[in-house]
Amino acid sequence: MSQIIKNFVGLATSQRRRDALTIAEAGLQAIDTSTVLKNSISLEEDTLTIQGRQFELKEYKHIYIIGFGKVACTAAHTLEQIFDGRVREGAVIGIAERVCQVIDTYAGTHPLPSQQNYTATKHIEEVARRAKKDDLVLVIVSGGGSALLCSSMSECDQGTKLFESFLQSGGTIEELNTVRKHISHLKGGGLAKSLYPATVVGLVFSDVPGGDMTAVASGPTCFDASTVHEAQALIEKYNLGSFRLVETPKDPKYFERVHNFTIVSNVTALNAMQKAATDLSYRADLVSATVYATATETKELLHAKAAAGLMRCMGGETKVLIPEHSTGEGGRNDHLALTMLESLAPNQVFISIASDGRDNTAMAGALADAEVSHRARQLGVSAAGHLANLDSFPFFAQVGAHVQTGPLESNVSDLMVLLTAQAEIADAAITEVTAQVIKDSRGTPTISVTVTAGEHTGVFSVPGGASTGKHEVAVLPAAQAVKLLRTVLQPALLGMDVTNQAAIDALLHELDGTEQFARIGGNLALGVSVAACKCAAAVKRMETWQYVAELFEYKEQATAPRLFVNLINGGKHAKVGSPIQEHQIIPDTDNVHEALAAVRLVQSALRDILDEHYTRQQITVGDEGGFVIPSTSILEPFTYIKEAIVRANTGVSMLIGSDIAASSFYHDGMYHLPGASYTAQELLRVYDELHTTFPMLQMVEDPYDEHDFAGFAAYHQAHPGVLAIGDDLTTTNKNRLQEAINQNAVSALIIKPNQIGTLSDTLETMSLAYENKVWCIVSHRSGETQDDFIADLAFGTKCFGLKAGAPSMSERAAKYNRLLHIQPKYTI
Ligand code: PGA
Ligand code: ZN
C-alpha cells in the first residue's frame, strides 16, 4: 500500500522524526478499512467466516448491505469484492461516494445531520424493509453514524439542536449518546428491531475509546440498557430544551439474530505502532487505549515515564473545552500537539493523529518537537498565543508541521506517540552559540565561534587571507559578525540538531540568501559551520577527524597528508623579496614525525645558508613563518632551498613546491616580474626554465592569474609531471573546480574552507575533486589562529597534502602537532 502520510519525506528531517513518523504510519496502515475487512472476513465457497465465526450463505435467500459513518462507502466497495456478485442490494451513507456494483453510496454531512442524510437514511430504511426472515443483512457501523443516521427530518432537526446545546453543557459523550438513542428510532438497537427477523451481521468500526460497540454510532444494532426516563433526566439536568423521545427496543428477541463484530478499533493501530517501534529498536509502551482527558492531563500521562529509547503510545480522545465566543481554529489533535510542544526535550518527538483528523481538512494531526519550536521562533509565530486562543490549526499550518494524509478511509479514535530518542541524541540540540573578536597571527581582528549543545562545545577560530582570490566568499568585519551572530544567527540555530551538518549549513545559506555570503559573511558562516562540526563530534564522542570522515563518506582508510612547508616567503606575505609568494619543501612521507624532523633539519640548514649571504638584520620572517630575504630574484630562493635539502641530507626524499600566486603580479594583461613583464605565453617560457633548473620543483600553485583557465591549461599540458594546483583560480568552489576540470587546467587544488564558507560546501568540492582524480591540499591562511581544525579535515578526508607554513610559528605548529596527535601509528 502506498504511504498514507503524504508529507512523510518533508517532515522527516531528523532520524528521530523519521522514526516517529514510521510508527505513526504503521498505525494508520493497520487501520485501513479495506485491509482490516479483508483481514477479518473471508468467503470460501458458501462459507462466510468473520473473525472465526461461520455463516453458511446457502441458508440465506438474499444478502443486503447497509451502512453509515465515515468508512461506509469504502467498506461497501470492499464487501462487494469479497462477496463477489452475491449482494442483492444495498445503500450506505459515508463521506465520499464510491462507485459500486449494486450498492448505492451517499456522501453525508458530519457532525451535523442534514436533508442529504435524511434522503440517504430513507433509502437505507427501504433496503432494510425488504429484508425478510431468510435474508442476511450486513450493517456497516462506524463513528460518524452517530449524527448521520436520522430517519425523519424532525429527527435531523432534533439531532442538530441536541448537538449544539450539548456542546456547551459539560455533559459526557455517553450522556449525549443516551439522549440521541431516544431521539432517533434507529439508534440504541432501533435498526436491529426494524431488521427483525432477518439475520444481522454488525461490522463495527470503532472510533470510541475502549471500543464499546454500543457507543459507536449510538449502537443501532446493539441492545440499549438506558431508558427514556434517564434520557429525559439528562435533558433536564443540562437544561437542553424539549425533545420528542421514544423508548429503545427492550425485547431480547430483536437481538437474537444479531451478531456484532468489532472489525477495528484504536487497539489495532496501537498494536501496529508498538510493533513498528520495536522493529526500530525502541522499547514500546502502551499508556492506555482509552484515555478521555484534557490536553494537559494527557501531557502529564505521556511524560510520566518517558525515557531514552522508549516509545510511549496512547489511544483515546482529547477533551477540548471551547470557551464561548472562541474564534480559534482548533483541531483536537493539533491542540494536543501544541499543548505538548513546550514540554518536549530536544530528543523527543510527539505526534497526535486521528483517522479523521480535523473535519474537512487533509490533515490527520500534527507533529511537535524542538525543531517546530525553533521554526516558530524563526517565523515569529507564538505557540503560547495560539494555544491560548485555541488556534492550533493555523499554528501548525504556518510552521509546516501538520501530518498530511488526505481524507482517510478508516475510522478509529485519536492516536498519540511520544518518542524519546537515545540519550546521545538528547545532547545534540544547540543550546548556545556565541562569538568573540580575537586577533589572528597578523594582529588583525577575526572571530572565534563557540557552539554548545548541552554539555558539549565546539570552538572554531576563523583565519583570514592576504592574497585572497576574487571568487572567495565575503568577509564581514569581526565586530559586525559578532553582532550579527547574536541578533540573527543564534536565534535561528537554537534547538537545531548539531549533528545535522547539512541542515546547519543549509540554514546559513538560507539566512544569507546571496551567492557569496555577502550578508552574513563567509567568515561568520564558517565559524558556525566548523564549530558545529566540532561540537557534533564531541556529542558523538568521536575525534573531529573521525566525524569529518563520516560526513565525507570517503571509504578509504584515513591517512596523514604530505606536508607542504613554506620556508621562504615572498609576494604579499613579505615586505621585500621575490614576487613569488611561497617556496616550500615537501617531505615525501606520510609519517608526520619523520617529515617534521626532516623539515627541522632543512630549515636549520637553510638558516645557515642564508646567514652566509645576508646579515642577521637582512633576514626577516614572513606572514607564514618562512624567511624573507631582500632579493627580488626569482631563482635565488629556490637555489637556497635546493642547497639546504642537499646539505641537511635528511634521508627523507624531498620535493620542492611553490605558490606563485601569479594574480598578485598580474595586471593589464601582463605578468610583471622584476626587470620584465610577460604575456601568458612568455611566462610559460620562464616556468620551462625554472623547471629545467630545478627538477625537484614538482608542485606549483597558481602559476597564472585567477581568471586565466587557459594559462593554467597550457602550463599543465607543458608540464604534465608537475602538480598544477589551483588556489585563487578555484577558491574551493565546486563550480570553478568543474570549469578547471573541463578545461584540464589543474591536477590539484587548494582547499581552504573559509574561501567557500561552510564545511558542507568544502566537502562537496572535495568530493568533486576526488571523483575527477584531482588531488586536494588542505591549506591554512596567511593570517592564522591557533585553531587546528584543518589538520582534522586533511586527515579525515585522506587528503593528499596539508599546507600549514613554517612549523617555527606556533599557529602553524598547532596544525602539525594536531597531526601528531591523530596519527598514533607512528607516534614514538
Ligand atoms: P593567503 O595566502 O592566506 O594570504 O590567501 C595563502 C595562499 O595563497 O595559498
Ligand atoms: Zn595560494
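Ligands are counted one by one from 1 in listed order, and the atoms in each one are counted from 1 as well. The residues of the chain are indexed from 1 along the displayed sequence.
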Specify whether an N/O/S atom of Glu582 falls short of 2.8 Å from the Zn ion (ligand 2).
no
Do the charged groups of Glu472 and Arg781 touch, with an N to O distance under 4.0 Å?
yes
Could you list which atoms of ligand 1 come closer than 4.0 Å to a heavy atom of Asp727?
7 (C), 8 (O), 9 (O)
Salt-bridge present (Asp623, Lys572; N to O < 4.0 Å)
no
Return the name of the atom in Asp727, of element N, O or S, nearest to the Zn ion (ligand 2).
OD2
Evaluate Arg442 for polar contact with ligand 1, using N/O atom pairs at a separation under 3.5 Å.
no
Is the ring pair Phe694/Phe638 parallel, tilted or perpendicular, if the boundaries are 30 and 60 degrees?
tilted
Which atom, counting only N, O or S, brings Glu701 closest to the Zn ion (ligand 2)?
OE2
By number and element, which atoms of ligand 1 are closer than 4.0 Å to a non-hydrogen atom of Glu582?
6 (C), 7 (C), 9 (O)
Is the ring pair Tyr640/Tyr614 parallel, tilted or perpendicular, if the boundaries are 30 and 60 degrees?
perpendicular
Contact region, Lys572 to ligand 1, non-hydrogen atoms below 4.0 Å, reads neither
Numbered atoms of ligand 1 (with element) below 4.0 Å of Ala466, judged on heavy atoms
1 (P), 4 (O), 5 (O)
With heavy atoms of Gly465 as the reference, note each atom of ligand 1 found under 4.0 Å away.
1 (P), 3 (O), 4 (O), 5 (O)
Closer than 2.8 Å to the Zn ion (ligand 2), do we get an N, O or S atom from Asp659, backbone or side chain?
yes
What I want to find out is whether Arg736 reaches Glu706 closely enough, with some N-O distance under 4.0 Å, to be called a salt bridge.
no
Among protein heavy atoms, which sits nearest to atom 9 (O) of ligand 1, and what does the distance come to when rounded to 0.1 Å?
Lys803 NZ, 2.7 Å
Atom 6 (C) of ligand 1 - nearest protein heavy atom and its distance:
Lys752 NZ, 3.3 Å
Protein heavy-atom partner closest to atom 5 (O) of ligand 1 - residue, atom, separation in Å
Arg781 NH2, 2.6 Å
Need the ligand 1 atom indices (1-based, order shown) with element for anything under 4.0 Å from a heavy-atom of Asp659.
7 (C), 8 (O), 9 (O)
With a 6.0 Å cut-off on ring centres, are Tyr666 and His672 close enough?
no
Residues Arg562 and Asp588 bridged, charged N to O under 4.0 Å:
yes
Under 6.0 Å between ring centres: does that hold for Tyr704 and Tyr671?
yes
Is the shortest distance from a Lys or Arg side-chain nitrogen in Asp611 or Arg616 to a carboxylate oxygen in the other one below 4.0 Å?
yes
With nothing but distance in play, are any N or O atoms of His780 less than 3.5 Å from an N or O of ligand 1?
no
Applying a strict 4.0 Å limit to heavy atoms, is Ser467 in contact with ligand 1?
yes
Hey, is Lys803 close enough to Asp659 for a salt bridge, meaning N to O under 4.0 Å?
yes
I'd like to know if Asp728 and Lys470 make a salt bridge, using a cut-off of under 4.0 Å between side-chain N and carboxylate O.
no
Checking only N/O/S atoms, does Asp702 have one that is under 2.8 Å from the Zn ion (ligand 2)?
no
